[in-house]
Undergrad: 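I am attaching a structure below and will ask some questions about it afterwards.
Chain letters run A, B, ... following the sequence lines, proteins first, then strands; residues in each count from 1.
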Amino acid sequence: MTDQNDRSVQDIHEYLAEFEDIPGTRVYTASRARKGYHLNQFAMSLMKPENRERWKAGERAYLDEWPLTEDQKLAVLARDYNRMLDLGGNIYFLSKIFSTDGIPFAEACSTMTDMTFPEYRQMMLDGGRSPVGNRSIKGGF
Amino acid sequence: MTDQNDRSVQDIHEYLAEFEDIPGTRVYTASRARKGYHLNQFAMSLMKPENRERWKAGERAYLDEWPLTEDQKLAVLARDYNRMLDLGGNIYFLSKIFSTDGIPFAEACSTMTDMTFPEYRQMMLDGGRSPVGNRSIKGGF
Amino acid sequence: MARITAGVGSSHVPLLGVAVDQGKSRDDYFGPIFAGYDWTRAWEAEQKPDVIVLVYNDHASAFDANIIPTFAIGCGERYKPADEGWGPRPVPDVEGHADLAWHIAQSLILDDFDMTIINEMDVDHGLTVPLSMMFGQPDRWPVKVIPLAVNVVTYPVPSGNRCWALGEAIKRAVESFPEDLNVQIWGTGGMSHQLQGPRAGLLNREWDNMFMDLLVGDSQEARAIPHIEYLRETGSEGIEMVMWLIMRGALGRETRCLHRHYHIPCSNTAIGHLVLEPVE
Amino acid sequence: MARITAGVGSSHVPLLGVAVDQGKSRDDYFGPIFAGYDWTRAWEAEQKPDVIVLVYNDHASAFDANIIPTFAIGCGERYKPADEGWGPRPVPDVEGHADLAWHIAQSLILDDFDMTIINEMDVDHGLTVPLSMMFGQPDRWPVKVIPLAVNVVTYPVPSGNRCWALGEAIKRAVESFPEDLNVQIWGTGGMSHQLQGPRAGLLNREWDNMFMDLLVGDSQEARAIPHIEYLRETGSEGIEMVMWLIMRGALGRETRCLHRHYHIPCSNTAIGHLVLEPVE
Ligand SMILES: [Fe+3]
Ligand SMILES: [Fe+3]
């Protein structure tokens, strides 16, 4: 009953390789999840009000309680979200950081692009970023 | 690939009904799991040494911290394992209680049968309880 | 006998929850979005479903990075709104329907779906925002909810075909529940959006609408869409649309469209909303 | 390329761990049980597997009543022995093989198995007792382990057919891992035993041996054994034998028996042990 359509099992290597062909995008694969495990767990800890208080009282000291790499810590302190993504962060975990900062999701997103927040907001009001030319690095379509 | 053999999905009601036909056995079904949820969670709490200490210092007081029914509490205090099973306990959870008491699994099992522990042990040495006559209440086989 | 009487698809953007909670849902920005749900709010008030199987994803709220269930079904009595970093939403607790939830969970496992059963968890905007969109701001939600959380964050997420097949199995399970219950299934998330990286802000009106087209009628095409297509065409978070396929699969061979709404943008996201009924 | 070179079936009775830890494994009671593992200990020392996919069940140790995953795969770097109520066993930590584990987890999800991924957990006697039986008391386990925990406690547990199919999918996954690794798969639990109620102490030598017979050669019969048959014939905890089917499924079309051992009793349980290799 679970196989009503033809399905050929795809090789996991091909499956994952395709993801690297998307411009400006880090798909949250296992290898990123492993690299970012403690970074994401740190971010997750900010869901508790008492942790948010301690974090706000001293970011570096709070970070030092977690087994993050120095690169990860610096990226967090700098709120460099692209760098955090490169170091294994996932945006849903990282959102606990900018939520704690009181920054809206769209503003946080804009910091990962080459736009200012007002420019980004205007792009969204105008219909968002077009998929044209943004689908494939190799294909350029 | 997941359906190499014929498989006809069995109705869950028939599936569960068959379990009631096994003599001297409570299969740990969803309805038992729901009834026994807090009983099992209480038992599970005894995996932590600090909880075992508090439990040994005052069983009733420790039990009263948990949302168990009075029946469940009395069954625990009396170490009436058959009754605990009836009230939704599962033996793997309940094992934390007799482990904390320092009682071996086989001795705990014997208390659920009509035998003393030495009798039960002897039965096991002699090859265990025979399945003959113990497979089906209705069928008597 | 319990029956699945309708399916609802809807985006579940957190900002929509903020708009409701702060009374902004009729302002210039949010007005056009919420207007598209007016039909549904009136229709739900008439339909009075007993239970909703609410397919959503947890956004790093109930599940941390330690444990990643592909399909988790909530079999508990009630669920609290999660604190996602700015305090829990001021919405009522969500009441479960443990009898039906356990029945579905058991049936699905017999039917070779490898479910994870959860008794206690908090539920985040993925679940509470669609409730707000469909029911407004009641003191108590007028319906019981069975949360069905799908991993759409860590890859591989379940295939579209597997999601559709899960929907089919949910339909069989619901129909074997003896009590007379009016059950709806909701698929939430999407539509196109990307919340990360230099490509953030991608939207794709054309693809989103093609996807909604595919859910109406008797086409089975959508179950074969590969993950890479969602990612390329609809942004990294557009993959949430696979959850709509669970809803579609649970409606059987053919569907009729009762209501449809599409709006760009809400924050980073394209809003899509669809109300379907099964054609017997 | 990684390859599954052998499958091992074994009971995982906690008392066997106690016997090892307290140096009683050659006394009158335990001697005949451990003697049946001597062949395997020597064979393992020769085989030097790199990784074991160790199929077992958690006995209310890592997972409480709140969360019940049907199939959970450990993708972490290491696991500590659980405190099951009398302190953790004095055995080494278990080292994971995160690369292969994640590879298998990802492949299985692509292959429509709805896995739960776990990074951190303690492992109980279900996993550590078979390690002790096969490797004795080293300072460090000579092999890396991928824990695969199966729900065999709360019903419905996965069907025998689903377990066998999972084994088949694990074989495909391992064979698509590029590194040269000697991988074994172990199925643990069973054989006949009942730990609860007035029927406690049930053992069934005949059925257990029939079951072991079915795992040798090219028969597919065992995948169709219904749960009720395990329960009636082998006691309520005999259902653990479905985990042996995952091992068997991962060995392919046909197996050859290298070693076999059966002993009654160990505490409440019949001990069964089987070493199989795939026939190509
Ligand atoms: Fe979402
Ligand atoms: Fe066991």
Undergrad: Contact part of D:Val152 toward chain B, heavy-atom cut-off under 4.5 Å: side chain, backbone, both or neither?
TA: neither
Undergrad: Chain D heavy atoms under 4.5 Å from B:Ile91: which part of the residue, side chain, backbone, both or neither?
TA: side chain
Undergrad: Before accepting this row, confirm whether a basic side-chain N of the pair D:Asp124/D:Arg89 lies closer than 4.0 Å to the acidic partner's carboxylate O.
TA: no
Undergrad: Test the B:Arg121-B:Phe117 pair against the cation-pi criterion, namely NZ or CZ under 6.0 angstrom from the six-membered ring centroid and within 45° of the ring axis.
TA: yes
Undergrad: With respect to chain D, which residue among B:Asp86, B:Leu85, B:Thr111 yields the maximal number of heavy-atom pairs within a distance under 4.5 Å?
TA: B:Leu85
Undergrad: Is there a side-chain hydrogen bond (donor to acceptor under 3.5 Å, both in side chains) between D:Tyr79 and D:Asp93 once you walk through the steps?
TA: CA-CA 6 Å; D:Tyr79 310 94; D:Asp93 285 1; over 6 Å; no
Undergrad: Which atoms of B:Met124 come close to chain D, meaning under 4.5 Å heavy atom to heavy atom: side chain ones, backbone ones, both, or neither?
TA: both
Undergrad: Using 4.0 Å as the upper bound for N to carboxylate O, is an ion pair formed by D:Arg253 and D:Asp218?
TA: yes
Undergrad: Tell me whether B:Asn90 contacts the main-chain N or O of B:Tyr92 through its side chain, where contact means a donor paired with an acceptor under 3.5 Å.
TA: yes
Undergrad: Does the separation of the ring centres of D:His227 and B:Tyr15 fall below 6.0 angstrom?
TA: yes
Undergrad: Among D:Leu195, D:Leu231, D:Thr154, which residue has the highest count of heavy-atom pairs closer than 4.5 Å to chain B?
TA: D:Leu195
Undergrad: Counting only non-hydrogen atoms closer than 4.5 Å, does D:Asp58 touch chain B with its backbone (N, CA, C, O), its side chain (CB onward), both, or neither?
TA: neither
Undergrad: Which residues in residues 237-252 of chain D have a heavy atom less than 4.5 Å from any heavy atom of chain B?
TA: D:Glu237, D:Glu240
Undergrad: Side chain, backbone, both or neither: which part of B:Asp21 has a heavy atom under 4.5 Å from chain D?
TA: both
Undergrad: Looking at chain D, which one of B:Gly128, B:Gly36, B:Cys109, B:Ser136 has the largest number of heavy-atom pairs inside 4.5 Å, strictly under?
TA: B:Cys109
Undergrad: Would you mind checking which part of B:Met47 comes under 4.5 Å of any heavy atom in chain D, side chain (CB onward), backbone (N, CA, C, O), both or neither?
TA: both
Undergrad: Are there over 12 heavy-atom neighbours, none belonging to D:Asp28, within less than 6.0 Å of that residue's CG?
TA: no
Undergrad: Verify, without hydrogens or angle tests, whether B:Arg79 (side chain) and B:Val76 (backbone) share a donor-acceptor contact under 3.5 angstrom.
TA: yes
Undergrad: For the aromatic rings, using the six-membered ring if either is Trp, is the centroid distance between B:Phe42 and B:Trp55 under 6.0 Å?
TA: yes
Undergrad: Which atoms of D:Ser192 come close to chain B, meaning under 4.5 Å heavy atom to heavy atom: side chain ones, backbone ones, both, or neither?
TA: neither
Undergrad: For B:Asp114, which atoms come within 4.5 Å of any heavy atom of chain D: side chain, backbone, both, or neither?
TA: neither
Undergrad: Would you say that D:Ile264 contacts D:Ile271 through its side chain, given a criterion of any heavy-atom pair below 4.5 Å between the two side chains?
TA: no
Undergrad: Heavy-atom distances under 4.5 Å only: say whether B:Leu16 touches chain D with side chain, backbone, both or neither.
TA: neither
Undergrad: With a 4.5 Å cut-off on heavy-atom pairs, point out which of B:Ile12, B:Val27, B:Leu46 contacts chain D the most.
TA: B:Val27
Undergrad: B:Tyr81 and B:Phe98: aromatic ring centres closer than 6.0 Å?
TA: yes
Undergrad: I need the residue from D:Ser267, D:Ser61, D:Ala200 with the largest number of non-hydrogen atom pairs under 4.5 Å to chain B.
TA: D:Ala200
Undergrad: Which bit of D:Pro226 comes within less than 4.5 Å of chain B, counting heavy atoms only: side chain, backbone, both or neither?
TA: neither
Undergrad: For a 4.5 angstrom cut-off between non-hydrogen side-chain atoms, does D:Thr234 reach D:Met191?
TA: no
Undergrad: Looking only at the side chains, is there a donor atom on one of B:Arg52 and B:Thr100 sitting less than 3.5 Å from an acceptor on the other?
TA: no
